[in-house]
Amino acid sequence: MQNALTENHQPQQRPRLTMQEVIPPMAPATPEAVAQQNKFLKENTDRFKSRQMAGKYYVLQAKRTFNEEKLDSAIVFFNRAWLMDRNNNEIYWGYGLVYGQQQQYDKALYILYRALDKDKENPRLLTDIATTHLARFYQKSSPEDLQQSKKLLERAVQLHPDNAADTFYKLAVNSYYLYDFAQAWDYLHQSIRQDRTKEDKQLISALLQHERDPEGIYTSQRKR
């Protein structure tokens, strides 16, 4: 486990990008590309009877390929979905997840916050954004990412404390890197009580190097 924070790299909460830098088909570069897009829109509107239905279809295809870890295909389908219905918030959320898997965290956060603007009380979305901040922390060692991740995770737990094992686990990891080991233990136990698979031996071992388990379940000799 990483034990030190550095003060290098202070990212903005929302990266300074533009939609054109994040949404690939937003600005077709040639008259031919514009014509091709218009043809695509007409054909799919006729096929699905509405642009909204076409957008939903391509979102489903994007999710399927994303779950199959075919990220390039997922982006293609999200591009098609966006062309059909740019008001579908799942498209922006989906782009963010793909960029996160590609470790393009600035792009991921930019578009995920765009999704959050329209769905501020969604605990899963809050957790996904917090996870992306945590991933960018691993990459850039920015304390600002840790602090923002913590705020988002705490909000997600407030909104949905039940079935929140993954959120509690990430709060435990977050607290560990913030040197709040007592809080990390508390969150880890809450996570494990909801889901035994969150019993992360590496995290437990790292915590035991700094502070004993206040519940006495785990010791340096016994990490069940």
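Hydrophobic cluster membership differs between Y187 and L203, with clusters built from Ile, Leu, Val, Met, Phe, Trp and Tyr side chains linked at under 4.5 angstrom. In this structure, L178 is not a member of the same hydrophobic cluster as L171, with clusters built from ILVMFWY side-chain heavy atoms closer than 4.5 Å. In the hydrophobic clustering of ILVMFWY residues, with side-chain heavy atoms under 4.5 Å counting as a link, L60 and L83 come out apart. Connection of I75 to W82 is established within a shared hydrophobic cluster, with ILVMFWY side chains joined at heavy-atom distances below 4.5 Å, either directly or through further cluster members. Under the 4.5 Å side-chain contact rule for hydrophobic residues, F168 and Y176 do not share a cluster.
Here the CZ-CD1 distance, from R114 to I91, works out to 10.0 Å after rounding to the nearest 0.5 Å. Once rounded to the nearest 0.5 Å, the distance linking OG of S191 with CG of D195 reads 6.5 Å. Note that OG1 of T197 is 9.5 Å distant from CD1 of I192, once rounded to the nearest 0.5 Å. Atom CG of L134 is separated from atom NZ of K150 by 13.0 Å, given to the nearest 0.5 angstrom. Going from atom OG1 of T132 over to atom NZ of K107 covers 14.5 Å, rounded to the nearest 0.5 Å. Between L126 atom CG and L116 atom CG the span is 5.5 Å, to the nearest 0.5 Å.
Taking 4.5 Å as the limit, some side-chain heavy atom of H189 sits within range of a side-chain heavy atom of I217. The side-chain heavy atoms of I204 and L188, taken from C-beta on, include a pair separated by under 4.5 Å. Using a 4.5 Å cut-off on side-chain heavy atoms (C-beta onward), R86 and I23 make no contact. M19 has its side chain within reach of Y92: a pair of non-hydrogen atoms, C-beta onward, lies under 4.5 Å apart. Here the side chains of N44 and Y58 are in contact, with some heavy-atom distance below 4.5 Å. Annotation: side chain of K63 is in contact with side chain of E90 (closest heavy-atom distance under 4.5 Å). The shortest side-chain heavy-atom distance between K118 and N87 falls under the 4.5 Å cut-off. With a 4.5 Å cut-off on side-chain heavy atoms, K56 and M84 do not count as touching.
Taking a cutoff of 4.0 Å between a charged side-chain nitrogen and a carboxylate oxygen, E215 and R193 qualify as a salt bridge. Ion pairing between E199 and R196 holds under the 4.0 Å rule for side-chain N and carboxylate O. A salt bridge links R136 with D106: the distance from a Lys NZ or Arg NE/NH1/NH2 to an Asp or Glu carboxylate oxygen falls below 4.0 Å. With salt bridges taken as basic N to acidic carboxylate O contacts below 4.0 Å, one links D166 and K198.
Donor-acceptor pairing under 3.5 Å is lacking for the side chains of K170 and T127. Side-chain contact, T65 with E68: no donor N or O sits under 3.5 Å from an acceptor N or O. One side chain, Q61 or R64, offers a donor N or O that lies under 3.5 Å from an acceptor on the other.
The environment of Q36 atom CD is sparse: at most 12 non-hydrogen atoms of other residues, nucleotides or ligands sit within 6.0 angstrom. Heavy atoms from other residues, nucleotides or ligands lying under 6.0 Å from CG of D72 number 12 at most. For K70, the NZ atom sits in a loose shell: 12 or fewer heavy atoms of surrounding residues, nucleotides or ligands are nearer than 6.0 Å.
Using a distance-only test at 3.5 Å, with no hydrogens or angles considered, no donor-acceptor pair links the side chain of S149 to the main chain of D145. At distances below 3.5 Å, at least one donor-acceptor pair connects side-chain atoms of Q37 with backbone N or O atoms of P25. With hydrogens and angles disregarded, a donor-acceptor distance shorter than 3.5 Å links the side chain of Q194 to the backbone of P161. For the pair D180 (side chain) and S175 (backbone), a donor-acceptor distance under 3.5 Å is absent.
Between A115 and N89, the shortest heavy-atom distance links the atoms O-ND2, 2.9 Å.
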task = Could you check W93 against N122 for side-chain contact (heavy atoms from CB on, under 4.5 Å), going step by step and ending with a plain yes or no?
result = CA-CA 11 Å; W93 192 347; N122 189 315; 3.6 Å; yes
request  = Decide side-chain contact (heavy atoms from CB on, under 4.5 Å) for L207 and D213; before the verdict, give the C-alpha distance in whole Å, the side-chain angles of both, and the deciding distance to 0.1 Å.
outcome  = CA-CA 8 Å; L207 281 169; D213 175 7; over 6 Å; no
key: Steps toward side-chain contact (heavy atoms from CB on, under 4.5 Å) verdict (Y177, Y138)   = CA-CA 10 Å; Y177 284 116; Y138 296 149; 3.4 Å; yes
task = In sequence, state the C-alpha distance, the side-chain angles, and the governing distance for D85 and R51, and then conclude on salt bridge (charged side-chain N to carboxylate O under 4.0 Å, His left out).
result = CA-CA 6 Å; D85 181 16; R51 292 179 62 157; over 6 Å; no
Verdict with supporting geometry, Q52 and N88, side-chain contact (heavy atoms from CB on, under 4.5 Å) = CA-CA 8 Å; Q52 290 73 25; N88 185 330; over 6 Å; no
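Aromatic ring orientation, Y113 versus H133: perpendicular (interplanar angle above 60°, classes split at 30° and 60°).
You'll find the ring centres of Y105 and Y99 outside the 6.0 Å limit.
Under a cutoff of 6.0 Å and an axis angle of 45°, R212 and Y218 do not form a cation-pi pair.
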